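Position 1 is the first residue of the sequence, and the numbers go up from there. Start at 1 and go down the list; that is how both ligands and their atoms are numbered. Keep in mind the model is a prediction, meaning the values are calculated, not measured.
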Amino acid sequence: MGCLVLMWLLVFCGGPTPASDKWEEARMRMVREQLQGRDITDPLVLAAMSSVPRHLFVPDYLASRAYGDHPLPIGSGQTISQPYIVALMTQWAEVKPGDKVLEVGTGSGYQAAVLAEITPKVFSIEILPELARTAKKRLEKLGYGQVQVHTGDGHLGWPAEAPFDVILVTAATSQTPPALVEQLAAGGRLVVPLGPPGQVQELTRFRKIEGKLKEELRLPVMFVPLVRP
Ligand code: SAH
């Protein structure tokens, strides 16, 4: 009997914190301190970042650092962006439910999952077959199976699915690839880190107005390079 009471106390009165709560706590702290504590105010972005289990998008040995205020390596010399940068790009893109979104640089699939929390129409291109395969499997397993992942060169965009309301480029390039400009819908938003690889770049938001890109916002950032095949 004493034993039963003890078990009950442990289960209902605070035995060891279940793992899921531990991750959720870390995620909520990330949203509060790193996103709301800065300038992330879009409720759709905050809800998406509160939902996606970022610790499952990094290598196991880095899971405990997944909610930290920094990028992390994901293998093949690539990185998952800092949570704030993912949130900022999504907020700048003004993604709304039903928008058709193209991401260039799938990487871990994390940014794609954040987008998929907001709209069911997410298309993502990754040049490295191994990363594309892993991200696709991970997205399916976590309930983001609607995200379409294509292995190929993002410079070319995804012409069969164009036009896109939003295009996010998550690797640095000195010039916006012309195919992406073409595949952006009228009124569409393009967010891209512009500048030389290995140096500080400018995360830039453009809006397509009367067929031309109008620059609207800029922030210094560091991304891995958008490479040619
Ligand atoms: N958005 C990712 C992180 C991107 S890191 C995430 O949420 O985890 C940049 C990614 O762009 C890398 O995976 C890299 O392999 C990919 N990449 C680089 N050049 C590319 C190209 N030309 N086309 C498509 N993907 C490219």
Side-chain angles (χ1 to χ4, degrees), residues 27 30 34-35 45 48-49 51-60 62-63 65-93 95 101-118 122-139 141-142 144 147-159 161 164 166-181 183 190-198 201 203 221-229:
R27 191 155 58 245
M30 168 194 90
Q34 300 171 37
L35 309 187
V45 177
M49 299 284 295
S51 299
V52 181
R54 182 171 163 98
H55 61 285
L56 300 178
F57 287 81
V58 300
D60 286 348
L62 291 172
R65 300 182 56 202
Y67 296 98
D69 195 13
H70 42 64
L72 285 171
I74 54 169
S76 309
Q78 306 304 318
T79 54
I80 179 175
S81 301
Q82 178 191 6
Y84 172 67
I85 293 295
V86 174
L88 189 72
M89 289 182 82
T90 314
Q91 177 163 286
W92 277 12
V95 187
V101 179
L102 175 68
E103 179 197 23
V104 174
T106 316
S108 67
Y110 178 69
Q111 171 78 73
V114 169
L115 293 165
E117 286 281 343
I118 303 177
V122 180
F123 299 79
S124 187
I125 308 176
E126 170 57 53
I127 201 163
L128 298 177
E130 175 59 24
L131 282 181
R133 210 169 24 242
T134 313
K136 195 173 157 61
K137 258 200 254 155
R138 176 183 288 132
L139 287 164
K141 192 167 153 205
L142 296 176
Y144 301 106
V147 175
Q148 305 220 26
V149 179
H150 167 68
T151 307
D153 179 12
H155 286 97
L156 307 174
W158 197 318
E161 291 294 343
F164 296 96
V166 166
I167 298 181
L168 291 187
V169 184
T170 64
T173 170
S174 36
Q175 204 203 342
T176 305
L180 299 185
V181 182
Q183 292 171 33
L190 166 73
V191 183
V192 54
L194 286 179
Q201 305 115 21
L203 186 64
V221 285
M222 274 282 248
F223 275 75
V224 295
L226 187 71
V227 297
R228 295 271 175 194

side-chain contact (heavy atoms from CB on, under 4.5 Å) assessment of E161 paired with L102: CA-CA 9 Å; E161 291 294 343; L102 175 68; over 6 Å; no
- prompt: Please walk me through it: do Q111 and T90 pass side-chain hydrogen bond (donor to acceptor under 3.5 Å, both in side chains)?
  reply: CA-CA 8 Å; Q111 171 78 73; T90 314; 3.0 Å; yes
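In this structure, the separation between NZ on K136 and CD on Q148 is 7.5 Å, given to the nearest 0.5 Å.
In this pair, F57 and Y144 present their aromatic rings tilted. The plane angle is within the 30 to 60° band.
With Y110 as the aromatic partner, R54 meets the cation-pi criteria of under 6.0 angstrom to the ring centre and within 45 degrees of the ring axis.
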Show me the short polar-atom pairs for ligand 1: any N or O of it lying under 3.5 Å from a protein N or O, with distances only.
residue  : atom   : partner : partner atom : Å
ligand 1 : 1 (N)  : E103    : OE2          : 2.9
ligand 1 : 1 (N)  : G105    : O            : 2.9
ligand 1 : 1 (N)  : T170    : OG1          : 3.1
ligand 1 : 7 (O)  : Q111    : N            : 3.0
ligand 1 : 8 (O)  : S108    : N            : 3.0
ligand 1 : 8 (O)  : S108    : OG           : 2.6
ligand 1 : 13 (O) : E126    : OE1          : 2.7
ligand 1 : 13 (O) : E126    : OE2          : 3.4
ligand 1 : 15 (O) : E126    : OE2          : 2.6
ligand 1 : 19 (N) : V227    : N            : 2.9
ligand 1 : 22 (N) : D153    : OD1          : 2.8
ligand 1 : 22 (N) : V227    : O            : 2.7
ligand 1 : 23 (N) : G154    : N            : 2.8
ligand 1 : 25 (N) : I127    : N            : 3.2

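For the pair Q183 (side chain) and L156 (backbone), a donor-acceptor distance under 3.5 Å is present.
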